[in-house]
Trainee: 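Handing you a structure now.
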Protein chains: 2
Amino acid sequence: MGRPREFNIESAIIAATRLFITDGYEGCSMDRLVQSTGIHRGSLYAAFGSKRGIFLECLRTTLTDTADPPSSSELLLVALGELAARDDEIRALCAQAIKARGENAAHELGIQLLARAGLNEGHV
Amino acid sequence: MGRPREFNIESAIIAATRLFITDGYEGCSMDRLVQSTGIHRGSLYAAFGSKRGIFLECLRTTLTDTADPPSSSELLLVALGELAARDDEIRALCAQAIKARGENAAHELGIQLLARAGLNEGHV
DNA sequence: ACAGTTAAAGAATGAACGTTCAAGAACAAT
DNA sequence: ATTGTTCTTGAACGTTCATTCTTTAACTGT
């Protein structure tokens with residue numbers, strides 16, 4: 001029933017995740033999301049409801065699907081830095097992920113924060 | 001020569017710093033900066049040149065004036081999370097501050113990141 | 001063939017953004 | 001008193017933002 005969906009929602013999430021990681025949440029516009037996912041505005045809104053909805057789905061997928069913590073930390077970093085303080089649902093997701101990381105979660109996040117900022121060990 | 005400046009530039013920096021810390025860089029609009037510093041648009045632009053100029057001055061002041069690292073870490077966190085990767089001048093300032101913090105800079109930043117996100121030890 | 005339903009497509013919407021500008025006000029120097 | 005300079009003030013600018021809406025296309029069931 002109805003016209004079939006032409007885009008793959010999973011690859012859209014992957015593309016959006018990549019963009020959120022490189023540009024941050026506020027730094028990433030819907031225009032860029034439309035452009036980089038290859039999915040049109042209306043379709044994105046029909047599928048996710050809002051920009052926040054897209055991010056939420058990316059975060060959920062990343063945190064549950066990704067086996068090794070380091071690679072899922074990048075989006076977690078964005079969530080913690082820009083969204084968690086003001087968004088209960090996102091904060092809860094973050095809290096859960098951090099608890100799962102155990103003792104040195106803070107240390108690893110700090111390292112990743114520096115790496116993301118372009119401040120790797122030694123070379124300024 | 002000329003009309004004397006009526007506002008105190010240092011207290012403007014303090015007010016702006018507070019706002020940047022609570023709202024982040026992108027999350028803090030010029031409207032709110034105008035409102036919370038009590039200085040009018042034109043005057044802010046005359047004094048700092050741009051929104052980035054305001055932030056840069058806040059960061060410089062915070063990093064050099066503040067004796068204890070923890071309290072200056074909050075703005076550093078904002079700089080690292082939103083600006084450093086794309087802004088050479090800000091990245092250089094951050095690099096210097098981090099070098100000065102020594103070995104466990106990353107660990108302390110991670111802790112502060114979690115605190116800022118509202119994820120303090122234990123209570124979710 | 002024809003409803004009925006769902007997706008694609010992108011123009012349109014209004015609010016919010018950072019920034020600039022023109023007018024007036026307050027001072028020093030002549 | 002006049003000129004030159006600097007600051008104040010807030011309206012206005014063009015752009016970009018997230019979101020909505022309308023139209024058209026593609027499919028299923030009758």
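All heavy atoms count here, side chains included; hydrogens, waters and symmetry mates do not. Chain letters run A, B, ... following the sequence lines, proteins first and then strands; every chain starts at 1.
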Trainee: Rounded to the nearest angstrom, tell me the gap between atom CG in B/D31 and atom C1' in D/dA12.
Mentor: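 Distance check: B/D31 CG to D/dA12 C1' gives 13 Å.
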Trainee: Looking at A/D31 and A/R41, is there a salt bridge between them, counting it only when a charged N and a carboxylate O are closer than 4.0 Å?
Mentor: yes
Trainee: For atom CZ of B/R52, is the number of surrounding heavy atoms from other residues, nucleotides or ligands below 6.0 Å larger than 12?
Mentor: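 It does: B/R52 CZ has more than 12 such atoms within range.
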Trainee: Separation of B/R32 atom CZ from C/dG18 atom P, in whole Å?
Mentor: 11 Å
Trainee: Quick one about B/R18 and B/S36 (side-chain donor to acceptor, distance below 3.5 Å, no hydrogens or angles considered), yes or no?
Mentor: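 Side-chain D/A pair, B/S36 to B/R18: absent.
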Trainee: Pick out the pairs of N or O atoms, protein on one side and nucleotides 11-15 of chain C on the other, that lie under 3.5 Å.
Mentor:
none

Trainee: Ignoring backbone atoms, test whether A/S43 places a side-chain nitrogen or oxygen under 4.0 Å from the OP1 or OP2 oxygen of C/dA8.
Mentor: yes
Trainee: Parallel, tilted or perpendicular: which one describes the rings of A/F20 and A/Y25, with boundaries at 30° and 60°?
Mentor: parallel
Trainee: Taking only N and O in the side chain of A/H40, is any of them less than 4.0 Å away from OP1 or OP2 of C/dA8?
Mentor: no
Trainee: Look at A/S29 and D/dC17 and indicate whether a side-chain polar atom (N or O) is within less than 4.0 Å of OP1 or OP2.
Mentor: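 Checking A/S29 against D/dC17: at least one side-chain N or O falls below 4.0 Å of OP1 or OP2.
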Trainee: Begin with the C-alpha distance, continue with both residues' side-chain angles, and end with the deciding distance and a verdict on side chain to side chain contact (heavy atoms under 4.5 Å, CB included) for A/L44 and A/F7.
Mentor: CA-CA 10 Å; A/L44 275 178; A/F7 67 89; 6.0 Å; no
Trainee: Would you kindly give the CD1-to-P distance between A/I9 and C/dA7, to the nearest whole Å?
Mentor: 10 Å
Trainee: Check whether B/R116 reaches the backbone of B/I21 with its side chain - one donor and one acceptor, N or O, closer than 3.5 Å.
Mentor: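 Yes, B/R116 side chain to B/I21 backbone: donor-acceptor pair under 3.5 Å.
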Trainee: Please state how far atom CZ in A/F7 lies from atom P in C/dG10, giving the value in whole angstrom units.
Mentor: 15 Å
Trainee: Using side chain to side chain contact (heavy atoms under 4.5 Å, CB included), reason through A/L80 and B/L119 one step at a time and then give a plain yes or no.
Mentor: CA-CA 9 Å; A/L80 287 169; B/L119 294 174; 3.5 Å; yes
Trainee: Rounded to whole angstroms, how far apart are CZ on B/F48 and P on D/dT8?
Mentor: 12 Å
Trainee: Would you kindly confirm whether A/Y45 and A/L19 end up in one hydrophobic cluster when ILVMFWY residues are joined by side chain heavy atoms under 4.5 Å apart?
Mentor: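 Yes: a chain of side-chain contacts under 4.5 Å links A/Y45 to A/L19.
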Trainee: Is there any protein nitrogen or oxygen under 3.5 Å from a nitrogen or oxygen in nucleotides 25-28 of chain C, and what are the pairs?
Mentor:
{"from": "C/dA25", "atom 1": "N3", "to": "B/R3", "atom 2": "NH1", "distance (Å)": "3.3"}
{"from": "C/dA28", "atom 1": "O4'", "to": "B/M1", "atom 2": "N", "distance (Å)": "3.4"}

Trainee: For A/R5 and D/dA26, what is the distance between atoms CZ and C1' respectively, to the nearest whole Å?
Mentor: 15 Å
Trainee: Expressed in angstrom and rounded to an integer, what is the separation of B/L33 atom CG from C/dG18 atom P?
Mentor: 8 Å
Trainee: Just how far, in rounded Å, is P of C/dA16 from NZ of A/K51?
Mentor: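 Going from A/K51 (NZ) to C/dA16 (P), I get 15 Å.
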Trainee: To check you understand the geometry: which heavy-atom pair defines the closest contact between A/V34 and A/H40, and what is its length?
Mentor: CG1-CA, 4.2 Å
